[in-house]
Amino acid sequence: MKTLSREEVENIETTNFIESFIKQDMLEQGLDHIVTRFPPEPNGYPHIGHIKACNIDYSMAQKFGGYMNLRMDDTNPLKESIEYENAIIDSLKWAGFKWENVYHASDYYQKMYDCAELLIKKGLAYVDDLDADTLSKYRGTLTRPGIESPSRNRSIEENLQMFRDMKAGKYKDGEVVLRAKIDMASPNINMRDPTLYRVLRATHYRTGDEWCIYPMYDFAHPISDAIEGITHSLCDIEFENHRPLYNWVVNECEFEKKPRQIEFARLNIEGTVTSKRYLRQLVESQRVFGWDDPRMPTVDGLRARGIPSVALRDFVTNVGVTKVDDAVVSPEMLDSCTRNILNNTATRVMVVLDPIKITITNYDGDGEMMTVENNSNDADAGTHEVKFGKHIFIEREDFMMDPPSKYHRLRPDGYVRLRGAYIIKCDEVKTDNQGNVTEILCSYIPESRSGNDQSGIKVKGTIHWVNADDCDDIYVHQYSNLIREGVRFEGDWDTTFNSDSLKVIHAKAEKYVLSCPKGTHFQFVRKGYYYLTTLDEKVVFNSTVSLKEGFKL
RNA sequence: AGGGGUGUAGCCAAGCGGUAAGGCACUAGACUUUGACUCUAGCAUGCGUAGGUUCAAAUCCUGCCACCCCUGCCA
């Protein structure tokens with residue numbers, strides 16, 4: 001474990017308010033390291049918002065010395081499962097996070113129980129037999145104080161006995177609860193004698209049927225933090241109102257080392273739904289193929305789309321840490337981070353997504369191999385060979401019958417370079433009776449061979465191509481937003497789901513592509529970044545992100 | 001008798017009494033066998049708003065406005 005000297009701490013430059021707090025705490029308390037924790041509830045698949053939160057916990061420990069624990073916040077057996085726990089661990093590992101320990105809130109059930117008895121003995125907790133509706137009514141409203149329950153005056157002895165009976169299973173589910181005795185008139189509703197324990201007969205995925213009472217978040221979380229020696233408990237801003245209760249529990253349960261809760265704003269991305277509830281609806285209604293559908297903002301989804309984990313972490317780091325809860329980040333920021341990484345790492349290949357046939361009438365060469373760079377930005381990436389030929393495909397949009405003057409691509413009687421090969425000239429355009437171009441007849445300039453151009457012809461445009469007699473059929477999955485353009489998601493997929501969010505394109509790829517393994521990140525030159533996801537009967541590429549488009553008609 | 005938070009450019013976001021960082025997006029231009037990348041330049045006399053304090057205010061004070069969160073035996 002890394003620790004920091006006082007001088008090192010003093011020299012740390014802070015970049016957000018949490019770092020400032022931590023630095024100040026370390027200096028004041030003479031700490032040489034901190035301990036954080038990422039505490040997901042294993043009740044669903046983690047999404048990009050979890051990555052932001054975990055990144056904060058992780059990067060703080062990296063920066064200030066110490067470590068991060070991963071803790072499953074498993075206090076509601078009704079919703080949690082090992083499937084989700086495993087999904088969380090897999091996703092976080094893939095994202096590149098490292099933790100010191102994997103703990104569970106359920107590891108501490110006995111200690112929590114002991115804390116509860118301590119509170120009862122101190123006269124600070126009582127068993128309430130008010131039914132749920134009445135208890136809710138007694139809580140008061142935002143503007144009116146609550147009413148004290150008759151149970152509030154129960155003796156310590158009776159409370160202790162009743163709580164032990166709760167644990168022993170002598171009460172039905174929901175019949176009684178354990179409550180903290182704080183202040184029914186507090187303007188902070190969380191302090192109006194909050195529930196600490198409920199009776200619940202449910203099989204917990206780890207503790208089975210060992211317990212029939214389960215602690216509430218507000219009780220379990222501060223205790224778990226204190227037990228683990230967490231120094232800084234960083235959480236979502238929605239828990240800001242809970243902080244007084246958090247501190248109350250830590251103090252009254254008499255923990256010596258008191259963790260400090262600091263809250264930050266959650267991640268909102270424009271046009272992206274991250275609520276687990278609504279993501280679940282997409283999966284269950286089969287509008288998407290699963291939690292790992294590339295359109296999903298889940299970690300598995302992003303990963304399937306081909307977003308590198310480094311790009312994901314760059315993104316959540318760039319977004320920053322603030323308390324501005326209504327900040328909405330543009331998805332273009334993620335795109336930018338993704339392009340930055342892939343620009344340096346992706347293998348360049350030529351793929352034609354919407355082919356139009358070209359015949360080079362004066363070319364009779366056979367099997368002429370052209371050498372192309374795998375990545376001109378990276379000399380170490382090497383080269384590969386492409387076979388040139390008489391019949392090729394080019395992109396339909398790279399030819400125009402009657403283009404504007406700024407158009408650099410192929411036009412009647414115009415010249416263009418075929419990337420890595422020759423300059424060609426458009427001689428004749430064949431069309432069907434609707435006027436659609438069916439084939440273009442060209443001639444090539446033999447002196448213009450790539451790397452040894454003696455032709456003296458200057459062309460403005462270079463386009464990609466594929467050898468029609470030496471290419472592979474592939475499928476490209478092109479994704480767009482799950483929410484229809486121009487509408488705002490307000491909880492109803494029926495009216496907002498973009499049923500056009502997946503387009504399957506049958507494309508032509510140069511031979512080299514299929515010699516690469518599944519999981520390769522490609523740049524389809526002049527088109528975008530694509531991720532090879534399936535090499536089975538069908539070869540499928542997921543579109544990760546397009547290239548920036550400098551030219552607009 | 002409501003309480004707790006937050007407002008800096010189109011979008012994120014630094015800034016902590018000394019005269020508005022950075023990123024995304026956008027606009028020019030250079031380079032280019034990817035209209036990508038890279039490079040260069042531009043992009044808030046302005047910090048929710050109205051006052052006040054000060055030689056000096058996004059920063060301190062006061063009032064107002066807008067938005068978010070809180071009345072689970074969920075987390």
Side-chain angles (χ1 to χ4, degrees), chain A residues 15-16 20 39-41 43 73-76 78-80 105 128 130-132 135-146 173-179 185-192 194-200 213-214 216-218 220-221 235-244 263 265 268 270 276 315 318-337 339-340 343-344 348 350 372-373 375-377 406-409 417-421 423 448 450-451 453 459-464 523-528 546-552:
Chain A
T15 62
N16 60 55
S20 305
E41 184 188 14
N43 71 341
D73 213 354
D74 57 347
T75 53
N76 184 359
L78 259 17
K79 292 186 172 177
E80 297 148 5
D128 200 339
L130 240 37
D131 66 275
L135 193 146
S136 175
K137 286 196 185 96
Y138 275 28
R139 186 148 9 242
T141 69
L142 296 178
T143 52
R144 291 213 187 290
D173 285 10
E175 195 177 350
V176 292
V177 292
L178 182 74
R179 290 226 264 168
S186 172
N188 182 346
I189 292 174
N190 295 300
M191 299 299 270
R192 315 236 265 233
T195 301
L196 267 21
Y197 266 95
R198 73 276 209 186
V199 180
L200 178 65
I213 57 171
Y214 289 94
M216 303 292 290
Y217 167 86
D218 281 318
H221 209 86
C235 68
D236 195 295
I237 208 162
E238 69 177 295
F239 295 109
E240 201 159 28
N241 296 328
H242 295 239
R243 198 193 322 141
E263 311 83 11
N268 302 300
E270 201 183 334
K276 275 182 199 168
F315 169 68
N318 289 349
V319 158
V321 181
T322 67
K323 298 188 75 158
V324 186
D325 202 31
D326 39 16
V328 182
V329 177
S330 163
E332 286 164 330
M333 269 175 106
L334 208 212
D335 292 345
S336 171
C337 293
R339 290 191 191 103
N340 278 164
N343 181 44
N344 294 324
R348 271 61 170 176
M350 292 195 285
V372 293
E373 288 174 303
N375 184 350
S376 53
N377 294 344
K406 283 187 170 176
Y407 190 79
H408 295 168
R409 285 106 96 153
R417 173 170 293 281
L418 297 176
R419 190 182 131 95
I423 293 173
S448 68
S450 185
D453 186 351
V459 290
K460 282 248 178 77
T462 299
I463 63 174
H464 59 282
Q523 185 195 96
F524 292 177
V525 171
R526 302 208 306 129
K527 299 307 292 183
S546 69
L547 249 34
K548 280 176 76 172
E549 182 64 85
F551 175 75
K552 283 159 194 114

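Each chain gets a letter, A, B and so on, in the order its sequence line appears, and its residues count up from 1. Just so we're clear, the structure is a prediction, and the values are computed from it rather than from any experiment.
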Between [M] and [N], how far apart are the [atom1] atoms? Round to whole Å, please.
N	M	atom1	result
rC47(B)	rA58(B)	C1'	4 Å
rC37(B)	rA30(B)	C1'	14 Å
rU6(B)	rG48(B)	P	13 Å
rC60(B)	rU53(B)	C1'	8 Å
rU8(B)	rA13(B)	P	8 Å
rU45(B)	rA50(B)	P	15 Å

Filtered N/O pairs between nucleotides 39-42 of chain B and protein, under 3.5 Å:
none

Could you provide the dot-bracket string of RNA chain B, using ( ) for intrastrand pairs, [ ] for crossing pairs and | for bases paired to another strand, with Watson-Crick or G-U pairs below 3.5 Å?
-> .(((((((.[[[..)..(...]]].(((((.......))))).....[[[[[..)....]]]]])))))).....
Between F551(A) and H408(A), how do the two ring planes meet: parallel, tilted or perpendicular, split at 30° and 60°?
-> parallel
Letter per nucleotide, 5' to 3', of nucleotides 28-36 of chain B [B base touched, S only sugar-phosphate touched, - untouched; heavy atoms, 4.0 Å] = -----BBBB
To the nearest angstrom, how far is N318(A) atom CG from rC24(B) atom C1'?
-> 9 Å
State which residues pass side-chain contact (heavy atoms from CB on, under 4.5 Å) with P331(A); sequence neighbours excluded, sorted by chain then number.
-> I269(A), E270(A)
Partner residues of R417(A) under the side chain to side chain donor-acceptor pair (under 3.5 Å) criterion, sequence neighbours left out = D453(A)
Within-4.5 Å side-chain heavy-atom neighbours: I189(A) and L142(A) = yes
Taking the side chain as C-beta and beyond, is there a heavy-atom pair between E41(A) and K79(A) under 4.5 Å?
-> yes
Under 3.5 Å between N/O atoms: give me all the protein pairs with nucleotides 73-75 of chain B, atom names plus distance.
from, atom 1, to, atom 2, distance (Å)
rC73(B), OP1, R139(A), NH2, 2.9
rC73(B), OP2, R139(A), NH2, 3.2
rC73(B), N3, G174(A), O, 3.1
rC73(B), N4, L130(A), O, 3.3
rC73(B), N4, A132(A), N, 3.4
rC73(B), N4, G174(A), O, 3.0
rC74(B), OP2, R198(A), NE, 3.1
rC74(B), OP2, R198(A), NH2, 3.2
rC74(B), O3', R198(A), NH2, 3.3
rC74(B), O2', N76(A), ND2, 2.8
rA75(B), OP1, T75(A), O, 3.3
rA75(B), OP1, T75(A), OG1, 2.8
rA75(B), OP1, R198(A), NH1, 3.2
rA75(B), OP1, R198(A), NH2, 3.1
rA75(B), OP2, Y217(A), N, 3.0
rA75(B), O3', D73(A), OD2, 2.9
rA75(B), N1, E238(A), OE1, 3.4

T322(A) side chain vs V324(A) backbone, donor-acceptor pair below 3.5 Å = yes
Do side-chain atoms of N188(A) reach the backbone of N241(A) as a donor and acceptor pair under 3.5 angstrom?
-> yes
Distance-only donor-acceptor test (3.5 Å): side chain N241(A), base rG3(B) = yes
Can you find a side chain N or O atom of T322(A) that sits less than 4.0 Å from OP1 or OP2 on rA13(B)?
-> yes
Of G140(A) and G320(A), the one whose nearest nucleotide on RNA chain B sits closer to the 5' end is G320(A)
